[in-house]
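Single-structure report; data block below.
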Amino acid sequence: MKIGIINAGNIGLNLAVGWIRHGHDIMLSKDTHPEELRERTRALALGRGLSETELSRFRYGSLTDAAQFGDIVVMAVYFPRLEPVLEELHKDGVTFSGKIVIDTMNPLNVDASFNHFHDLKFMEQTSVTERLQLEFPEAILFKAFNNVPAGLLDIKKWSDGSYPSIIFIGGKSVEDAAQVRTLIETSGFKPQFAGHDLSDSRILEKLGILVHRLADNEYGGDTGIAIGVVKSSSE
Ligand SMILES: NC(=O)c1ccc[n+]([C@@H]2O[C@H](COP(=O)([O-])OP(=O)(O)OC[C@H]3O[C@@H](n4cnc5c(N)ncnc54)[C@H](OP(=O)(O)O)[C@@H]3O)[C@@H](O)[C@H]2O)c1
């Protein structure tokens, strides 16, 4: 698959590194500090055991280049930067027409002291996914990966046999959902499809609040946790 990553930061880059070794063609872009992207990619990729040959397969471009390159596009933009990024894409005529767009984002805003907080006002009214669908009516939107910390998107971190379920929502057709499912499976994770109604992406964004509460109350503030779905083997 041809995949464009709009903002290869923590999450975008970790996803890309997982996917490149499965033969996908990937174009990376970075919103802030694009000049550091190649070096950051090298450090993360080699740290996760990629070879020089695998590393050399990454392509690099602008946010718009990545939007145009991918049949599947990952939107992994830092939420406080969403508006300027949307502006740039629109200015360059990006429509995502007929493309699968996977939104990984959470509505986490930041205050002057760089403390992050869930933007409850925004969350009462909409979700990032719905916002993107409004901005790009011809895109085939999905929500996925927003509740797993970027550093834990390496399946090797789950070698004890437990692993998070990637719960995803969206897409207009069964065929589109199947492609997203396959992409999740190729990273080694377990896809759990929660339905086609994009407004349900609000549930996945709110789940982030629960994860933060659990981190605070059960794990001493350690946010290296994720949600798994288990099914009882008994009736
Ligand atoms: N990170 C995760 O574990 C994770 C997991 C699930 C979903 N998401 C969602 O995915 C989207 C992208 O998240 P991301 O974390 O991958 O974004 P990112 O681009 O890596 O964003 C982090 C942003 O904060 C800046 N930044 C980082 N540390 C900073 C510091 N100490 N002081 C000032 N600025 C700093 C980065 O700047 P530079 O990169 O330019 O240095 C960048 O602008 C977000 O909507 C997020 O909610 C993230």
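Counting starts at 1 for both ligands and their atoms, following the listed order. Quick caveat, the model's predicted, so the values are computed rather than measured.
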Check: F79 ring centroid to F122 ring centroid under 6.0 Å: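 Yes, close enough.
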
Ring centers of F117, H212 separated by less than 6.0 Å: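 Not close enough - the centres of the two rings lie 6.0 Å or further apart.
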
Within a distance under 4.0 Å of any heavy atom of [X], pick out the atoms of ligand 1 and give their elements.
| X | value |
| --- | --- |
| V148 | 5 (C), 6 (C) |
| T104 | 7 (C), 8 (N), 9 (C), 10 (O) |
| P149 | 3 (O) |
| T32 | 37 (O), 38 (P), 39 (O), 40 (O), 42 (C), 43 (O) |
| K30 | 38 (P), 39 (O), 40 (O) |

Heteroatom distance test ([X], ligand 1): nitrogen or oxygen, under 3.5 angstrom:
| X | answer |
| --- | --- |
| G151 | no |
| R40 | yes |
| N146 | no |

Option of least heavy-atom distance to atom 29 (C) of ligand 1 (set: F145, F79, Y78, F114): F114

R181 to F168, cation-pi by 6.0 Å centre distance and 45° axis angle: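 No - R181 does not lie over the ring of F168 by the 6.0 Å and 45° rule.
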
Do the charged groups of [X] and [Y] touch, with an N to O distance under 4.0 Å?
| X | Y | result |
| --- | --- | --- |
| D31 | R81 | yes |
| D71 | K99 | no |
| E205 | K143 | yes |

Nearest protein heavy atom with distance in Å, relative to atom 46 (C) of ligand 1: N106 N, 4.0 Å

Shortest protein contact, atom 12 (C) of ligand 1 (heavy atom only):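 Answer, as residue, atom name and distance: A76 O, 3.2 Å.
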
Donor-acceptor contact present, side-chain E52 to main-chain L55, <3.5 Å: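 No.
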
Side chain, backbone, both or neither: V77 near ligand 1, heavy atoms under 4.0 Å: backbone

Note, L89 side chain near I6 side chain (heavy atom, < 4.5 Å): yes

